[in-house]
Enquirer: 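What follows is a single structure, and I will ask about it in a moment.
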Protein chains: 4
Amino acid sequence: MPTTSRSARYDDRVIAAARAVFTEQGFAAPMAEVAKRAGVGVASVYRRYPSKHELVEHVRIAAFRLILEEAEAARAEEPDPWQALARFMRRCLREGAGIGTVLPPMDQQHTYSEEFRDLRLRVAKAIEELVEAAKHAGELRADVDWTDILLLFKHLNPALPTNESRRAELRARYLGLVLEGLRAGGSRLPGPAPDRDEWQALCDNFATS
Amino acid sequence: MPTTSRSARYDDRVIAAARAVFTEQGFAAPMAEVAKRAGVGVASVYRRYPSKHELVEHVRIAAFRLILEEAEAARAEEPDPWQALARFMRRCLREGAGIGTVLPPMDQQHTYSEEFRDLRLRVAKAIEELVEAAKHAGELRADVDWTDILLLFKHLNPALPTNESRRAELRARYLGLVLEGLRAGGSRLPGPAPDRDEWQALCDNFATS
Amino acid sequence: MPTTSRSARYDDRVIAAARAVFTEQGFAAPMAEVAKRAGVGVASVYRRYPSKHELVEHVRIAAFRLILEEAEAARAEEPDPWQALARFMRRCLREGAGIGTVLPPMDQQHTYSEEFRDLRLRVAKAIEELVEAAKHAGELRADVDWTDILLLFKHLNPALPTNESRRAELRARYLGLVLEGLRAGGSRLPGPAPDRDEWQALCDNFATS
Amino acid sequence: MPTTSRSARYDDRVIAAARAVFTEQGFAAPMAEVAKRAGVGVASVYRRYPSKHELVEHVRIAAFRLILEEAEAARAEEPDPWQALARFMRRCLREGAGIGTVLPPMDQQHTYSEEFRDLRLRVAKAIEELVEAAKHAGELRADVDWTDILLLFKHLNPALPTNESRRAELRARYLGLVLEGLRAGGSRLPGPAPDRDEWQALCDNFATS
DNA sequence: GATGAATGAGTCTTCATTCAT
DNA sequence: AATGAATGAAGACTCATTCAT
């Protein structure tokens with residue numbers, strides 16, 4: 001029986017607090033706020049995450065892990081490719097899995113951890129599979145690319161001045177519109193889809209909300 | 001006959017600089033950065049806008065003025081109600097009119113200026129007319145409300161780590177998807193549209209990008 | 001008539017304050033303490049010296065400028081080579097020109113400014129001339145090298161828990177002993193004199209006291 | 001018969017680690033660093049030395065014990081008074097017995113332990129005897145006082161940016177110069193020797209390096 | 001009217017010290 | 001008896017805002 005170790009649960013608490021605080025107040029929120037929300041002292045946050053930057057990166061890692069899980073579960077459990085894609089998007093945008101806050105100064109010279117970059121690759125793969133399957137089945141419009149999906153998450157998750165549950169409701173609402181648009185074979189979308197570099201740059205600014 | 005006075009053009013320069021700087025670096029960007037971009041001293045910015053908060057409010061006012069102009073022009077120049085709505089959204093999301101950055105701490109107790117609140121009313125009215133006309137003509141799905149439109153602007157204008165011209169391209173791309181969704185009479189959207197209070201709260205956090 | 005510009009005098013005040021505070025409390029002293037002593041706000045110190053490190057470097061530059069001036073004046077005004085060397089050392093160790101506080105963590109990866117490195121070269125040259133002249137005249141023992149002089153300054157200027165005027169008196173007292181030792185052709189000194197690299201490393205840790 | 005108990009050797013390890021760390025990084029070095037060097041946990045250091053201040057005091061006590069031993073051994077084993085004094089100074093400045101780092105904030109209100117003050121008295125006595133004997137024999141200049149000796153240790157042991165073995169070599173080198181100066185009956189030294197109060201104040205800032 | 005230097009308050013980060021295991 | 005995680009206080013540095021020129 002897998003024991004969720006104490007420190008693992010402790011980490012979760014800090015990451016959850018960080019996610020909540022950063023969502024509500026932006027990345028400009030003080031570390032002290034995160035610590036208070038997690039019910040610990042500042043220094044305890046710093047022991048585990050040696051800088052604000054690393055804390056933010058781990059918030060992103062948590063988001064990506066969730067996306068990966070949802071993508072894999074959708075493929076495994078949903079036989080219809082379109083339903084799989086739709087379910088994946090719906091779940092990712094549901095409470096706790098909302099996605100998209102940005103880093104404020106975007107800190108040019110930062111280098112990302114092995115763990116993060118590895119996760120990014122696996123997320124790319126998983127989304128690509130979902131998208132290709134849906135296109136193959138003729139249910140997803142052909143001029144949409146897998147790189148569009150994460151961007152849509154970001155679009156669909158702005159920092160609205162409401163409580164989280166209402167935000168989730170609105171995410172669902174507008175995802176509805178987008179899904180209709182994704183399905184229809186209507187008039188061609190303008191502009192090229194993001195390429196792999198753009199997609200990666202975007203990932204570097206991701207976070208759950 | 002209104003002459004574009006020297007100080008009016010000067011104001012424009014400051015607002016444009018603020019818009020650019022805040023879009024690129026977030027509202028955490030220093031006032032000094034805005035001043036430098038505008039090619040003036042900090043104190044000059046402060047003479048015209050006595051606090052950062054007021055500067056931000058004027059950035060928002062500029063955005064709303066633009067929205068208002070576009071809405072009125074769309075109604076006046078575009079006979080087809082659907083085309084009018086689509087053109088309005090397309091123009092607002094085009095370069096220089098992108099919309100949606102948020103204030104980080106959301107400064108609860110701030111009170112908004114007469115000018116701002118007046119503008120907000122007129123924007124509401126103008127959008128409502130565009131939306132009602134399109135619904136009347138049976139070209140816009142019935143379960144969409146006029147309050148949805150500004151939220152969609154916000155959704156369609158996230159702070160992506162790219163240059164502004166590419167951001168504009170992507171805004172256009174995803175607006176394409178949304179327009180398809182708006183038109184189709186597909187399955188009912190989940191969740192209620194924002195009510196007037198939500199809509200106003202949102203306005204308080206608006207800005208051009 | 002050379003006007004000592006306002007900002008130049010202002011700089012002097014900050015450097016003097018830094019020298020005093022660092023001498024009394026070590027480099028661990030807060031920047032706020034330096035600012036208070038200079039009669040300005042912290043941020044004003046930071047405007048001119050963007051980091052504590054740079055402030056310290058400028059304190060060192062001030063010390064080196066003084067050494068250089070004294071060395072040149074000694075050569076020019078003192079015909080006897082031994083008297084020139086003795087006067088140089090006495091003056092450098094007198095109040096305001098005391099020399100030798102160390103940087104606490106010695107901050108490995110720091111790179112020094114052009115200005116500092118240039119000054120270091122000129123100081124080396126000037127001291128070398130004084131020393132070689134005194135050796136040539138047979139008045140300075142042969143097994144002493146020019147690189148020894150700065151080290152002796154450092155040795156003769158420890159951070160004693162007294163007021164500056166008494167410290168200066170004690171520096172003079174022990175310099176007396178050292179000068180006697182430098183003159184006599186007594187038994188050979190143990191150990192090699194510092195080489196150029198050692199000498200430069202030492203310079204990187206210098207400061208007036 | 002005193003057995004070197006386990007805890008005594010343990011204490012030695014901590015003191016040795018503290019001496020090494022403080023010498024290399026100054027007293028600003030973290031307690032955790034000392035603990036790591038000693039190969040124990042922080043809390044273990046704190047069990048024995050309830051504050052950083054007490055640890056530092058014990059580092060000083062260790063230095064004084066060594067000075068005392070050397071002084072007594074020199075008197076006992078060296079019949080010639082000058083040789084005794086010279087040997088004493090040489091040994092004290094040799095590796096492991098180097099002397100002189102200062103406490104950075106000098107912590108005004110601290111009161112010193114019985115043990116420390118007792119040791120200080122005995123050190124004073126022992127040095128006085130060595131000095132008086134050498135003066136009596138006419139081998140040490142008359143205008144030097146016993147209070148000068150410890151100050152000279154401090155002067156001869158600055159925190160140079162080198163490894164300890166080279167530092168010891170340089171201490172020996174400049175001690176050579178000072179010994180020549182101490183012996184010669186040259187021109188009178190300027191300034192009075194430290195009085196007893198100055199000497200005690202100095203002791204309060206002593207440490208082995 | 002316009003400027004840039006000066007300031008104090010606020011944020012990130014570190015470290016002496018304590019406590020639960 | 002020994003450990004290492006947790007904490008609050010303190011220091012470097014930044015930035016909105018204010019004046020003297």
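All values derive from a computational prediction rather than experimental measurement. Letters A, B, ... are given to chains in the order of the sequence lines, protein chains preceding strands, and every chain is numbered from 1.
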Enquirer: With nearest nucleotides of DNA chain F determined for B/A43 and A/V45 from heavy-atom distances, which residue corresponds to the more 5′ nucleotide?
Expert: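 Residue closer to the 5' terminus by nearest nucleotide: A/V45.
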Enquirer: Round to the nearest Å and state the distance from D/H53 atom NE2 to E/dT17 atom P.
Expert: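 After rounding, the reported distance stands at 10 Å.
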Enquirer: List the residues meeting side chain to side chain contact (heavy atoms under 4.5 Å, CB included) with D/R47, not counting sequence neighbours, and say none if there are none.
Expert: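 Once residues adjacent in sequence are excluded, D/R47 has no partner under the side chain to side chain contact (heavy atoms under 4.5 Å, CB included) criterion.
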Enquirer: Please give, in whole Å, the distance from F/dA12 C1' to C/F22 CZ?
Expert: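 Taking atom C1' of F/dA12 as the reference, CZ of C/F22 is at 12 Å.
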Enquirer: Side chain of C/S51, heavy atoms from C-beta onward: which of E/dT17, F/dC13, E/dT13 has the nearest atom to it?
Expert: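 Closest nucleotide to the C/S51 side chain: F/dC13.
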Enquirer: How do A/P30 and C/G41 order along DNA chain E: which one's closest nucleotide is nearer the 5' end?
Expert: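 Nearer the 5' end of the strand: C/G41.
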Enquirer: So what does A/V42 hit on the nucleic acid, given a heavy-atom distance under 4.0 Å: a base, only sugar-phosphate, or nothing?
Expert: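 Base contact.
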Enquirer: Do the charged groups of D/E115 and D/R65 touch, with an N to O distance under 4.0 Å?
Expert: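 Looking at D/R65 together with D/E115, the answer is yes, because their closest N to O distance falls below 4.0 Å.
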Enquirer: To the nearest Å, give me how far apart NZ (B/K36) and P (F/dC15) are.
Expert: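 The answer, rounded to whole Å, is 12 Å.
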Enquirer: Rounded to whole angstrom units, what separation is found between the NZ atom of C/K52 and the C1' atom of F/dA10?
Expert: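 To the nearest whole Å, that distance equals 12 Å.
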Enquirer: Whole Å only: how far is the CD atom of B/E33 from the P atom of F/dT14?
Expert: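 Nearest whole value for this atom pair: 14 Å.
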Enquirer: So among C/V59, C/I61, C/V34, which one has a side-chain contact (heavy atoms from CB on, under 4.5 Å) with C/I15?
Expert: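 Looking at C/V59, C/I61, C/V34, the match for C/I15 under the side-chain contact (heavy atoms from CB on, under 4.5 Å) is C/V59.
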Enquirer: At 4.0 Å (heavy atoms only), tell me whether A/A35 reaches a base, stays on the sugar-phosphate, or touches nothing.
Expert: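 No contact at all - A/A35 keeps every heavy atom at 4.0 Å or more from the nucleic acid.
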Enquirer: At under 4.0 Å, does any side-chain N or O of D/R47 touch on OP1 or OP2 of F/dA1?
Expert: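 Indeed not, no polar side-chain atom of D/R47 lies that close.
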Enquirer: Please tell me which of the listed nucleotides, F/dT3, E/dA16, E/dT14, lies nearest to the side chain of A/Y46?
Expert: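 Given the options F/dT3, E/dA16, E/dT14, the side chain of A/Y46 is closest to E/dT14.
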Enquirer: Counting side-chain heavy atoms from C-beta on, which of E/dA16, F/dT17, E/dT7 comes nearest to C/V40?
Expert: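 Taking heavy atoms from C-beta onward, the closest nucleotide is E/dT7.
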Enquirer: Counting distance only, does the side-chain N/O of C/R37 pair as donor-acceptor with the main-chain N or O of C/A17 below 3.5 Å?
Expert: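 Flag not set: sc C/R37 to bb C/A17 has no pair under 3.5 Å.
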Enquirer: Please round to the nearest 0.5 Å and tell me the distance separating atom CZ of B/F116 and atom NE2 of B/H58.
Expert: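 Spacing of CZ (B/F116) from NE2 (B/H58) equals 10.5 Å.
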Enquirer: Which helical stems does DNA chain F take part in, if a stem means at least 3 consecutive Watson-Crick or G-U pairs with both distances below 3.5 Å?
Expert: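 DNA chain F stems, ordered by first number: E:2-21 with F:2-21.
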Enquirer: Base, sugar-phosphate, or nothing for A/A38, non-hydrogen atoms under 4.0 angstrom?
Expert: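 Nothing, no heavy atom under 4.0 Å.
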Enquirer: Report the distance from atom OH of B/Y49 to atom C1' of F/dT18, rounded to the nearest whole Å.
Expert: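 My rounded result for the distance is 20 Å.
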Enquirer: Testing the basics here: between A/V21 and A/A29, what is the closest heavy-atom pair and its distance to 0.1 Å?
Expert: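 Scanning both residues completely, I find the closest heavy atoms to be CG1-CB, 3.4 Å.
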Enquirer: Does the C/K52 side chain pair with the main chain of C/F27, one donor and one acceptor, at a distance under 3.5 Å?
Expert: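 At least one qualifying donor-acceptor pair exists.
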Enquirer: For the pair C/L55 and C/R48, evaluate side chain to side chain contact (heavy atoms under 4.5 Å, CB included) and give the outcome as yes or no after the intermediate values.
Expert: CA-CA 9 Å; C/L55 174 57; C/R48 184 65 188 80; over 6 Å; no
Enquirer: Starting at atom CE of C/M31, determine the distance to atom P of E/dT7, rounded to an integer number of angstrom.
Expert: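 The answer, rounded to whole Å, is 14 Å.
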Enquirer: Is there a side-chain polar atom (N or O) of A/S44 under 4.0 Å from OP1 or OP2 of F/dA5?
Expert: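 Answer no for this pair, as no side-chain N or O of A/S44 is under 4.0 Å from OP1 or OP2.
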Enquirer: Round to the nearest Å and state the distance from B/R13 atom CZ to E/dA2 atom P.
Expert: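 About 10 Å, once rounded to whole Å.
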